[in-house]
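Below you'll find the structure, written out as structure tokens, and then a few comments.
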Protein chains: 2
Amino acid sequence: MARGAQTEMAVLGALGVMPMTGYALRQAILDVLGHFWSESFGQIYPTLSNLERDGLVVRLGSERSTPYSITDAGLERLRALLAEPVQQVPPRNGLLLRLFFGRQLGADACRRLVLDARAEAEQQLAGFDAIRAEIASEPETDVDHPYWLLTISAGEHAARATIAWADECLAELDRIGAAS
Amino acid sequence: MARGAQTEMAVLGALGVMPMTGYALRQAILDVLGHFWSESFGQIYPTLSNLERDGLVVRLGSERSTPYSITDAGLERLRALLAEPVQQVPPRNGLLLRLFFGRQLGADACRRLVLDARAEAEQQLAGFDAIRAEIASEPETDVDHPYWLLTISAGEHAARATIAWADECLAELDRIGAAS
DNA sequence: TGTCTCATGTAATCCGTTACATGATTGG
DNA sequence: CCAATCATGTAACGGATTACATGAGACA
């Protein structure tokens, strides 16, 4: 799959849930997919233009704030994109890189980094609780909900793993700090 | 921190452990930092040239395969880079994006994706065992080892979390598949 | 009236991968 | 001697962020 098709997939997928303007699309991606996906305006608007040119999305009105809707051809394209193999992004974890070179950085600075990561994970957990509550509060039994909950669960597992690791880590860093 | 400084940090950090050629550097980054970092030749060689020009690394011989060594100025720069705030990479998880739009993809295809992710996590765990064994086998009590083990532990926690999530996920996908 | 949010876009720039090109060295 | 690995680079391309520019509508 071409790398560019990733943005296309996210945009078509979101419009597959409900029609939206480009602006709302970005908000939705930030709020709902935020913990595992991101897109910037610089990607979204050109992508929407291309999709409209190719007849994969349409605007039902002519005003500025008319939302885009996905077409049948768009749905077909979305399904084709989703079926393509997952593309691995090369990992780049700044925290672990710093810890790996922790001897140069010093045990104290490492502790602070790990504490920050732990706090961030706690915040993520709180955020997931809020999203769960919001999903549960929606009246109709949405057919998408079960899938959405799978992604939330992934985030929760990851965050809890981070917290457990951080606690081990802090204990170990105390030992290292005391020894040096 | 400028984004470009990331590669500089990884290269200086690796040379802070031991002198290496550019080629060996790439192998080391692939083998040792592979689960949380990556660099390509296209980044490594220009970076090495710049570092040499700035006196942060030197080559002690003049032949092709002379390893680069970090200088005192280089060590200083490394410590400064490590002390800068961690830079978050925008998340892009193709698996979770597909699951989120799972209704379009279908429960069966989702199952396959999750199974793949689970298998990959198992492989990672096996890889971490191998690295742990290798580190433990090194004779001298290396002052870097405790820090390296922290990063391994992070990988293990993440991989185990992925496996636990995948198992829950598969059960839930069975339920979804049966209902539809 | 002025500021905030909604809304759409473009251009510069940066990062990073990929592909290509070249040649030395080593081991079978 | 031939293949694989070691070793060094460069050029093209693509993708993504960032900053900039513009303007409408709401509301205080």
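Protein chains get the first letters and strands the later ones, always in sequence-line order, with residue 1 at the start of each.
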Electrostatic pair R77(B):D54(B) at N-O distance under 4.0 angstrom: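 Salt bridge: no.
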E172(B) bridged to R175(B) by N-O distance under 4.0 Å: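 Looking at E172(B) and R175(B), the cut-off is met.
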Atom [atom1] of [X] to atom [atom2] of [N]: distance rounded to whole Å?
| X | N | atom1 | atom2 | result |
| --- | --- | --- | --- | --- |
| Q88(A) | dT17(C) | CD | P | 14 Å |
| F41(B) | dT17(C) | CZ | P | 12 Å |
| N50(A) | dG9(C) | CG | P | 11 Å |
| E63(B) | dT8(D) | CD | P | 12 Å |
| R26(B) | dT18(C) | CZ | P | 9 Å |
| Y68(B) | dA7(D) | OH | C1' | 10 Å |
| E52(B) | dG9(D) | CD | C1' | 13 Å |
| L25(A) | dG9(C) | CG | P | 13 Å |

5'-most by nearest nucleotide on DNA chain C - P46(A) or Q43(B):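 Final value for this comparison: P46(A).
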Sugar-phosphate, base or nothing in reach of S38(A), heavy atoms under 4.0 Å: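 Answer is sugar-phosphate: S38(A) comes under 4.0 Å of backbone atoms only.
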Parallel, tilted or perpendicular, as decided by the 30° and 60° cut-offs, for the rings of Y45(B) and F41(B):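 Rings of F41(B) and Y45(B): parallel, under 30°.
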Polar side-chain contact R64(A)-dA24(D) base: donor and acceptor under 3.5 Å: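 It does not, because no donor-acceptor pair links the side chain of R64(A) to the base of dA24(D) below 3.5 Å.
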5' precedence on DNA chain D between G42(B) and Y23(B) (nearest-nucleotide basis):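 Looking at DNA chain D, the more 5' nearest nucleotide goes with Y23(B).
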Where D144(A) and D142(A) come nearest, the two heavy atoms and their spacing: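 Looks like N-OD1, 2.7 Å.
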Proximal nucleotide (of dT18(D), dA7(D), dT17(C)) relative to the S40(A) side chain: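 Of dT18(D), dA7(D), dT17(C), dT18(D) is nearest to the side chain of S40(A).
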Given dG16(C), dG9(D), dT8(C), the nucleotide with the shortest approach to the side chain of T21(A):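 Nearest to the side-chain atoms of T21(A), counting from C-beta on, is dT8(C).
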Short side-chain N/O contact to dT8(C) OP1/OP2 from R59(A), under 4.0 Å: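 The answer is yes; a side-chain N or O of R59(A) sits under 4.0 Å from OP1 or OP2.
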ring-ring contact (aromatic ring centres under 6.0 Å, His included) partner of F100(B), the single match among Y147(A), W37(A), W148(A):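 For F100(B), the ring-ring contact (aromatic ring centres under 6.0 Å, His included) check succeeds only for W148(A).
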